[in-house]
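The block underneath contains the structure these notes are about, expressed in structure tokens.
For the single chain, residues carry numbers from 1 onward in sequence order.
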Amino acid sequence: MSKPSRDIQKGSSSRSIILVKLPLQPDIGAKHLANTKTRSRGTPYQLRAILMVTRINVIGFYAPILFRTIGFGESASLMSSVMIGVVGIVTTFITTIIVDKVGRRFLLIIGGIITLGSQIIVGVIVGVKLGDHSILSKGYADVVLVLIGIYVAGFGVSWGPLGWLIPSEIFPLEIRSAGQSINVAVNFLFTFLVGQTFLSMLCHFKYGLSFFFGGWVAVMTGFVYFLLLETKNVPIEQMEKIWKEHWF
């Protein structure tokens with residue numbers, strides 16, 4: 001401890017107030033940020049970017065158009081869109097109940113398998129039965145509707161809510177606000193890009209668009225399996241430690 005800089009006698013009291021000069025400490029937050037593993041900070045952005053190219057925004061924006069394309073009438077298309085929205089809400093609520101019991105990685109991988117399978121089957125049915133100019137029969141249109149519902153359920157129980165939860169757990173406290181802000185910005189950027197390019201892609205890819213989005217789902221699932229750590233029951237204070245011990 002350095003020498004006291006001042007000793008002030010207050011009135012006639014025998015007690016004194018001692019002001020002590022302490023050495024300047026480096027900015028702990030900046031130091032922590034510099035030492036935090038770079039890959040752990042980049043992981044949420046990679047998750048969010050891949051997440052936005054898996055068709056979920058397309059279903060949210062263009063569901064009535066998609067359903068009319070496969071043969072539903074206008075009223076049926078709107079009602080189907082409502083049903084799909086309800087499925088997403090219910091499955092997201094289920095996730096909030098079970099996520100701390102089964103873990104993040106398990107839900108993400110299961111959700112990836114469900115969404116990938118439904119995308120591939122939809123692409124096959126539309127490619128074989130719809131072609132470029134025809135419409136699906138009512139039976140096949142109903143099957144496609146169910147498969148899209150399964151896709152939304154798989155997304156709602158995994159990638160939908162966990163795409164927001166996991167970044168909030170990974171970021172250290174010192175940079176959490178900035179990290180989440182960038183995460184939201186990445187979300188809006190890719191939402192804009194997908195929304196602006198979907199109709200053109202639909203005209204050019206046709207049924208192949210399901211395989212395009214399915215490929216991104218496969219990339220997303222592989223990313224989780226090989227590169228994402230389980231954060232269930234990991235205190236925020238220990239998060240940096242487990243990332244430093246990760247193989248990559």
Side-chain angles (χ1 to χ4, degrees), residues 22-54 56-57 60 88-116 152-192 194 216-248:
L22 296 176
L24 293 175
Q25 298 293 330
D27 185 356
I28 297 175
K31 181 180 179 180
H32 184 80
L33 177 59
N35 293 333
T36 302
K37 196 169 185 178
T38 303
R39 295 188 183 94
S40 70
R41 297 201 305 271
T43 296
Y45 312 139
Q46 296 158 2
L47 285 174
R48 178 56 56 181
I50 299 173
L51 179 62
M52 289 299 101
V53 288
T54 58
I56 190 62
N57 283 331
I89 292 172
V90 172
T91 52
T92 299
F93 178 75
I94 292 173
T95 302
T96 63
I97 299 175
I98 66 174
V99 64
D100 285 327
K101 298 178 182 178
V102 300
R104 283 72 165 147
R105 276 172 51 87
F106 175 80
L107 287 177
L108 291 174
I109 293 172
I110 292 298
I113 294 172
I114 293 172
T115 54
L116 176 60
V152 173
F155 186 89
V157 82
S158 57
W159 286 90
L162 298 184
W164 297 106
L165 173 64
I166 292 175
S168 69
E169 295 177 325
I170 291 177
F171 288 122
L173 290 173
E174 292 81 359
I175 61 170
R176 178 174 294 183
S177 298
Q180 283 291 73
S181 298
I182 298 175
N183 189 40
V184 173
V186 171
N187 176 79
F188 281 126
L189 173 62
F190 279 86
T191 298
F192 171 79
V194 172
W216 283 110
V217 173
V219 171
M220 175 176 75
T221 306
F223 180 90
V224 171
Y225 183 81
F226 291 107
L227 301 178
L228 186 66
L229 291 173
E230 177 59 68
T231 57
K232 181 184 73 171
N233 297 328
V234 177
I236 187 66
E237 295 82 6
Q238 299 296 321
M239 193 63 64
E240 181 181 356
K241 179 181 178 182
I242 68 170
W243 277 101
K244 285 182 177 179
E245 294 173 352
H246 196 292
W247 67 269
F248 77 99

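Counting heavy atoms from C-beta on, the side chains of Gln238 and Lys241 come closer than 4.5 Å.
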- Task: Apply side chain to side chain contact (heavy atoms under 4.5 Å, CB included) to Leu116 and Thr221, showing your working.
- Result: CA-CA 9 Å; Leu116 176 60; Thr221 306; 5.7 Å; no

- Query: When you look at Thr91 and Val152, which way does the side chain to side chain contact (heavy atoms under 4.5 Å, CB included) test go after all the steps?
  - Reply: CA-CA 9 Å; Thr91 52; Val152 173; 5.5 Å; no

- Message: As a quick check of understanding, evaluate side chain to side chain contact (heavy atoms under 4.5 Å, CB included) for Phe192 and Asn187, giving each step before the final call.
- Response: CA-CA 9 Å; Phe192 171 79; Asn187 176 79; over 6 Å; no

- Take Ile89 and Phe93 through the test side chain to side chain contact (heavy atoms under 4.5 Å, CB included) and record every step on the way to the result. CA-CA 6 Å; Ile89 292 172; Phe93 178 75; 5.7 Å; no

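Taken from CG in Leu162 to CD in Glu169, the straight-line distance is 8.5 Å, to the nearest 0.5 Å. The CD1 atom of Ile182 sits 12.5 Å away from atom CG of Leu189, with the distance rounded to the nearest 0.5 Å. The distance from atom CD1 of Ile109 to atom CD1 of Ile114, rounded to the nearest 0.5 Å, is 12.0 Å. The structure places CG of Leu228 at 12.0 Å from CE of Met220, a figure rounded to the nearest 0.5 Å. To the nearest 0.5 Å, atom OG1 of residue Thr92 and atom CZ of residue Phe155 are 8.5 Å apart.
Between Gln180 and Pro167, the shortest heavy-atom distance links the atoms OE1-CB, 3.4 Å. Listed here is the closest heavy atom pair of Lys232 and Lys101: NZ-O, 3.5 Å. Residues Pro161 and Ser158 approach most closely at CD-O, 3.5 Å, considering heavy atoms. Taking each heavy atom of Thr231 and Met239 in turn, the nearest pair found is CG2-SD, 3.8 Å.
For Arg176 (side chain) and Ser168 (main-chain N/O), a donor-acceptor pair under 3.5 Å exists by modelled atom type. A side-chain donor-acceptor contact under 3.5 Å links Thr95 to the backbone of Gly156. No donor-acceptor pair closer than 3.5 Å links the side chain of Arg105 to the backbone N or O of Leu229. In this structure, Trp159 contributes its side chain and Leu108 its backbone to a donor-acceptor pair below 3.5 Å.
A side-chain contact (heavy atoms from CB on, under 4.5 Å) with Ile94 is found for one member of Thr96, Ile98, Ile97 and no other, namely Ile98.
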